Structures are given as structure tokens and as C-alpha cells.
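This report refers to the structure that appears directly beneath it.
Since the model is a prediction, treat every value here as computed from it, not as a measurement. To find a chain, count down the sequence lines: A is the first, B the second, and so on, and within it residues start at 1.
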Amino acid sequence: MLDIRLFREQPDFVKAGLERAGVDPAVVDRVRSLDEQVRSLKTSAESMKAELNAANKALGPLMKTLPQEERDARRAELRALGDRITEADAVRQTVETELQNLLLEIPNLPHEKVPVGKDDSDNVVVRTFGEPRLFDFTPLSHWDIGEKLGILDLERGIKISGSRFYVLRGAGAALQRALITWMLDLHIEKHGYLEVYPPFVVKQECLYGTGNLPKFADNLYHDVEEDFWLVPTAEVPVTNLHRDEILGPNDLPKRYVAYTPCFRREKMSAGRDVRGIKRGHQFDKVEMVKLVAPEDSDAELDTLLDNAEDICRLLQIPYRVVAVCTGDKTFSSAITYDIELWAPASKGEEGGEWLEVSSCSNFRDFQARRANLRFRREANGKPEFVHTLNGSGLALPRVMIAILENYQNADGTVTIPEVLRPYLHGRDTIRK
RNA sequence: GGAGAGGUGGCUGAGUGGUCGAAAGCGGCUGACUGCUAAUCAGUUGUAGCGGUAAUAACCGCUACCCCGGGUUCGAAUCCCGGCCUCUCCGCCA
């Protein structure tokens, strides 16, 4: 959520930012008009309340001594005033709710460094690592490799849960588990994150905090009976760990890493990426989340991104880093870099593609304001909103795809990346 | 799932429907005293919104906040209803 004061004091700045993000800047004037209404309604109601409070204060001690008739008269008079206040408050409440709802649907302003663009075709590749491998045979897609090795069962996933679900078997399941443990260990021991294991269902407040609600409910699984929501990413529970808290001077930065499954309805991408395991309703992910002081967030994004890239480098899989443009960035983020792994056969007959395995973002105070997530610089200082960041490190299914397709051999086996072997009892190859 | 108890300021904890933003203690801050620390004494000490003086530190006024949301009443921390949460006992269970 953007600071209402920004709308009051620098409306042109907000308009310019929203325009860059491809949002109609006319909302700024609507916000300002609603804000002015709320404030004037509040002022008039407050002066009535002051009047009522003063009258009540004066009336209290007189109640015992005043003649019955006069008491009744005073009561009626004040009751009428009270009723007018109730009405005024109701009107104010309506307008205020409208304002709040509007603010909740306005996206974050893009960071000044974000390239301006309309959609993902305007994203900018900022660096690449490694060279796509040259095959002396025709590389198979991961779904072919997976089925042939008996480590991926797409049919039975569909049988038991429907489309976009799959089953990993044997070395497939073990490989994913090894990846999760290895990534966690790396972030904990080498990069200095604290591991947390959060709930996989959350209350709706958490989703408002990160910005998934109210706008993106149709991508979320919701248990109506208990009003629980399945997490679409660990970002949601972990960013909300300190919701409604004021952290102390020595509590920042917080650097967390969490493994969770992620649940997404994928209503927006119906019919897309239906083959293989590229896009499922359920997938696993290791996620890094940071809470930092505002002046540190730019630098923290750089290290966050590097921590995620480290995984790719150690796996020795070609990747590229993409600066996401203003038109393609997500609702809550101010700036985002995507990491894309090369998958040589992920499009089947059509060949390879760059697969998004991580999205590293700085949200500045956008989520912190929604989640009321603050800190004090000094013991008696004024609370300020923290800056939040997060990035995948990494999303499992697509890493699996990249490993299977990049490390496949002519004989149908798959070599296991060296860094993972200690996590697989020294095993170096997946064979049938 | 059954029965009971309770949710008050940074913490502990009091609070007959009006004089309660709220006693007291602890903690914090300021000052005094004392070679220093400690102790003692005095004062002070919630947050937010709006308006004003003043300007970027501060001061004054009003409003709101005693878990959340409704209600009763001229007036609610206090009474009533609903919800959430915590604790204790019993039952069940990975």
C-alpha cells in the first residue's frame, strides 16, 4: 500500500510512477477526493463529539439534583445529538472504506532503476552465465526422460488429483528432496539465513499483507469452512512473521529461508504450460525473505539475487538474469529480477527455453505498510516501516527440469550434479 | 469435542456506569545527592488522527483507542450479545 501522504503532498510523483507501471493515473485524483471527504467528515463529526462529551461531563454530577422534567429534557437533547453523530459516522465509514479498498488495489510504484516497458518482451537481460550445452544427440524433454526412467508419473498424478498434478517416484522424489536440503543448507551456512518452518495455511490478513489479496483471490485456494488460505509461496507466512510488531534497534536485518509447498490455482494461465511439471497447482520452493532498514534494501536485493544465482552456478547450469520491466513487474514489488535456467528441451519438439526459477524483489515499504511491520532505530525512536524483500532460492520443479534436460546422456541416464551427490548417498547417475 | 477461568499502558496488576487515558509497583527518561557504579529522593513517562501556535525539535486543543465487532444508556474499561485468543481440567488422537 502506498502512503496516503504521498497522494496529498506529491500527487504528480505518484501519477508519474503509476503511469510508468501502466496504471491509469486518474486513480490519484479519486484517492485525493475521497481523502478530502473523509477528513472533512471526520472534522465535523469530531466537533459534534466534543460538544457531546462536554455536555455529558457537565450533566453527570447534576443528574441527582436536577428536577425530573429537566433531566428528561436534557437527555432527549443529548440523545438527538448522539443520533446525529451516529449518522455522520456511518457516512464517514462508508467513504473511508471506499478509500481503503481503492488504496489496497493500487500497485507499488516502480523503483527508478526499473526499465520502462509494456510486457515481458520489454524485460532486459542484464547478465548470463554459462553456455547452452551442445548435444551430439537429440535431447529429450523432461517428461520423456522422467517417464522413461520411471521417476515421474504424470498419468497417476492426474488420476488422483486432476490436471497439473504429478507424482515423483524413486530417484525423482529423492532428487527433489536432496535439492531442497542442499539449498537450505547453502543459504543457512554460506549465506547466513535463518531457517523457519511456517504453517502452509494462513489467515487472510497475511495475504493482504503481502498484496495477494484483495486483487488476486482467484489464484488462491481457500478453505471456506475454516477461512484458511493455502500459501501460494513461503513469502506469505514468512513476511508476516513479524506482522503488527515493532522490531527493536538490533533486530534488523532479518534474513529468513523457508521450504514450503506452494499452491496456486493458475486460473490466469489456463491452457498454458500444460505438459510436464513446469506449471503445477502444487510445487515446492525454497524461499528467502528479508526484513531490512530502508537505506539497506537496494544492497540487500543485490546479495539476495546473488544468493539465488549461487545455486545456479553451483549446479553448473546456464542461466540469465532479467530485469523485469515496469509493465511486467508484480503488483507489490518496486523492482524485480528474474533468474532463468536454460532447459534445452522443455518445449518438446520446439526445443529449449529459459525457465523462470526465481524472482527476486524489493517491495520497499509497500508490504510493510499493509502488514504494519515496523522497527525503531533507537530504543525510544519513532517506529518506521521496514523494507521487505524476497526471492526464490529456488523453485523446485523447474530446477528438476533443468537438471534432467541438461544432464541427460545419450544412453537415457541422467548424471547427478556433483554438489548434490553427498545428499544422495554418493550416487552419481540416475538410471532405470 | 465437554467443563471452567481470563484477556487493562513496555511488564506485573487494581478498577462501585459519570471526576478513568485509566491506581499502584516494576522498567524507561530527567534532575538532585554521593569519588564511580549501586542505593536513595523528586519529577517525568502510551499510540494514532485532525486542527492551531511554531516551524522541521517542540507546545496547546480536540477526537479515538482498556482483545475485536455490535448493542443498551444522556454517559461504558465497567452492563448485554457475537467473535477471536490464552490458560486449567476431562475426553480423543498423529
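Partners of N362(A) by side-chain hydrogen bond (donor to acceptor under 3.5 Å, both in side chains), not counting sequence neighbours, listed by chain and number: S297(A). Residues passing the side-chain hydrogen bond (donor to acceptor under 3.5 Å, both in side chains) test with T97(A) are Q93(A), sequence neighbours excluded. For the salt bridge (Lys or Arg N to Asp or Glu O under 4.0 Å) test, residues two or more places apart in sequence or in another chain that qualify with K278(A) are D273(A), E353(A). Residues passing the salt bridge (Lys or Arg N to Asp or Glu O under 4.0 Å) test with D3(A) are R5(A), R369(A), sequence neighbours excluded. Among residues two or more places apart in sequence or in another chain, the ring-ring contact (aromatic ring centres under 6.0 Å, His included) test is passed with Y319(A) by F129(A). The ring-ring contact (aromatic ring centres under 6.0 Å, His included) search around F331(A) returns F216(A), F366(A), not counting sequence neighbours. Taking E340(A) as the reference, R320(A) meet the salt bridge (Lys or Arg N to Asp or Glu O under 4.0 Å) condition, with sequence neighbours excluded. Legend: residues meeting side-chain hydrogen bond (donor to acceptor under 3.5 Å, both in side chains) with S269(A), ordered by chain and number and at least two apart, are E266(A). The side-chain hydrogen bond (donor to acceptor under 3.5 Å, both in side chains) test applied to Y166(A) returns no partner, not counting sequence neighbours.
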Polar atom pairs (N or O), protein with nucleotides 65-73 of chain B, under 3.5 Å:
from	atom 1	to	atom 2	distance (Å)
rU73(B)	OP2	R79(A)	NH2	3.1

Can you pull every protein N or O that's under 3.5 Å from an N or O on nucleotides 15-17 of chain B?
none

With the criterion being N/O to N/O and under 3.5 Å, what pairs connect the protein with nucleotides 50-52 of chain B, and how long is each?
from	atom 1	to	atom 2	distance (Å)
rC50(B)	OP1	R8(A)	NH1	3.0

